[in-house]
Amino acid sequence: MNIGQAASASGVSAKMIRYYESIGLIPKTVRTESGYRVYSHHDVHTLRFIRRARDLGFSVEQIAELVSLWRDRERASKDVKAIALDHVHVLERKIRELQEMASTLKHLAEHCHGDLRPHCPIIEELASEDSLPVHVKADAKFGAIGKA
């Protein structure tokens, strides 16, 4: 099948297929005499594996490790589990960071009058040169009970 058909069958865009090939995540494919790429069902299966791993947020480097382990029938499942658990820790940290950002923005928005006056704690916070995390500065500026 051609790259368009492989893209459709795998859910990976043609551009990403070319990229994955260029970085060695998938092997260089066979080409026709006119230079068109030809993909097998095995290639599509690999692309689906990569797409599912990307959907779970794995990095290209982690996906390369996972593809290598997937191809290795002698692999130890503990190696796969270690990659997955490391990724879980990264995701959990990102979730905490996103929750802190949302909390800070909510806190700042609660203290913005949202009227015609120019005073706005959101703008003040964005313009601040302090190096403290945003949520710490907001708590210090507005107090624990949230008064401006």
Side-chain angles (χ1 to χ4, degrees), residues 1-29 36-37 39 41-148:
M1 67 184 78
N2 66 30
I3 195 166
Q5 293 165 323
S8 180
S10 67
V12 176
S13 71
K15 181 178 180 178
M16 289 306 293
I17 292 172
R18 286 189 289 275
Y19 171 69
Y20 293 152
E21 189 176 324
S22 75
I23 64 170
L25 194 55
I26 60 172
K28 300 267 186 213
T29 189
Y36 290 103
R37 292 173 170 89
Y39 294 91
H41 290 288
H42 177 72
D43 294 327
V44 170
H45 192 101
T46 301
L47 289 166
R48 285 184 188 139
F49 181 96
I50 292 168
R51 189 200 73 235
R52 285 192 294 269
R54 289 296 296 179
D55 288 348
L56 290 172
F58 284 102
S59 69
V60 171
E61 294 79 16
Q62 290 169 317
I63 293 171
E65 287 182 73
L66 290 168
V67 167
S68 176
L69 288 166
W70 177 48
R71 289 178 179 148
D72 179 4
R73 298 297 175 198
E74 301 296 317
R75 70 182 167 264
S77 64
K78 70 178 183 149
D79 296 335
V80 179
K81 184 176 181 175
I83 294 168
L85 290 177
D86 285 346
H87 186 55
V88 167
H89 296 303
V90 168
L91 291 173
E92 288 173 339
R93 187 192 83 243
K94 287 180 181 180
I95 290 167
R96 284 190 303 275
E97 290 171 355
L98 288 170
Q99 287 172 333
E100 286 179 10
M101 284 187 254
S103 177
T104 297
L105 287 170
K106 260 190 227 177
H107 184 81
L108 291 169
E110 287 169 1
H111 292 88
C112 179
H113 296 289
D115 55 19
L116 297 175
R117 296 184 293 178
H119 173 74
C120 178
I122 301 167
I123 293 293
E124 288 177 7
E125 182 59 46
L126 293 172
S128 173
E129 293 183 19
D130 295 340
S131 62
L132 291 173
V134 175
H135 67 280
V136 172
K137 290 186 285 188
D139 289 343
K141 187 181 286 185
F142 298 111
I145 58 173
K147 292 187 180 177

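For this chain, numbers begin at 1 and follow the sequence in order.
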Q: For Val60 and Arg54, run side chain to side chain contact (heavy atoms under 4.5 Å, CB included): C-alpha distance rounded to whole Å, both residues' side-chain angles, the deciding distance at 0.1 Å, then the answer.
A: CA-CA 8 Å; Val60 171; Arg54 289 296 296 179; 3.6 Å; yes

Q. Where do His45 and Trp70 land on the side chain to side chain contact (heavy atoms under 4.5 Å, CB included) test, with the steps shown first?
A. CA-CA 12 Å; His45 192 101; Trp70 177 48; 3.0 Å; yes

Where the side chain of [X] meets the backbone of [Y], is there a donor-acceptor pair that is under 3.5 Å apart?
X	Y	value
Thr104	Glu100	yes
Ser22	Tyr19	yes
Arg48	Gly11	no
Glu125	Ile122	no
His87	Gln62	no

Measuring only between side-chain heavy atoms, which start at C-beta, is [X] closer than 4.5 Å to [Y]?
X	Y	value
Ile26	Asp43	no
Thr29	Tyr39	yes
Ile50	Val12	no
Tyr20	Ile63	no
Leu47	Met16	no

Q | Heavy-atom pair with the smallest gap, counting every atom of Ile17 and Ala6 | A | CD1-C, 4.1 Å

Q) Of all heavy-atom pairs between Cys120 and Cys112, which one has the smallest distance, and what is that distance? A) SG-SG, 3.4 Å

Q: Classify the ring geometry between His113 and His119 as parallel (under 30°), tilted (30 to 60°) or perpendicular (over 60°).
A: tilted

(Q) One thing to verify: whether Arg93 and Glu97 come together as a salt bridge, which I'm taking to mean a side-chain N less than 4.0 angstrom from a carboxylate O. (A) yes

For the [atom1] atom of [X] and the [atom2] atom of [Y], what is their distance to the nearest 0.5 Å?
X	Y	atom1	atom2	result
His41	Thr46	NE2	OG1	13.0 Å
Arg71	Leu69	CZ	CG	11.0 Å
Leu98	Ile95	CG	CD1	8.0 Å

Q: Would you check if the distance from the ring center of His107 to the ring center of His111 is below 6.0 Å?
A: yes

Q.
Just checking His89: does its NE2 atom have more than 12 heavy atoms from other residues, nucleotides or ligands closer to it than 6.0 angstrom?
A. yes

Q: Kindly determine whether Arg73 and Arg75 satisfy side chain to side chain contact (heavy atoms under 4.5 Å, CB included), including the steps that lead there.
A: CA-CA 6 Å; Arg73 298 297 175 198; Arg75 70 182 167 264; 3.9 Å; yes

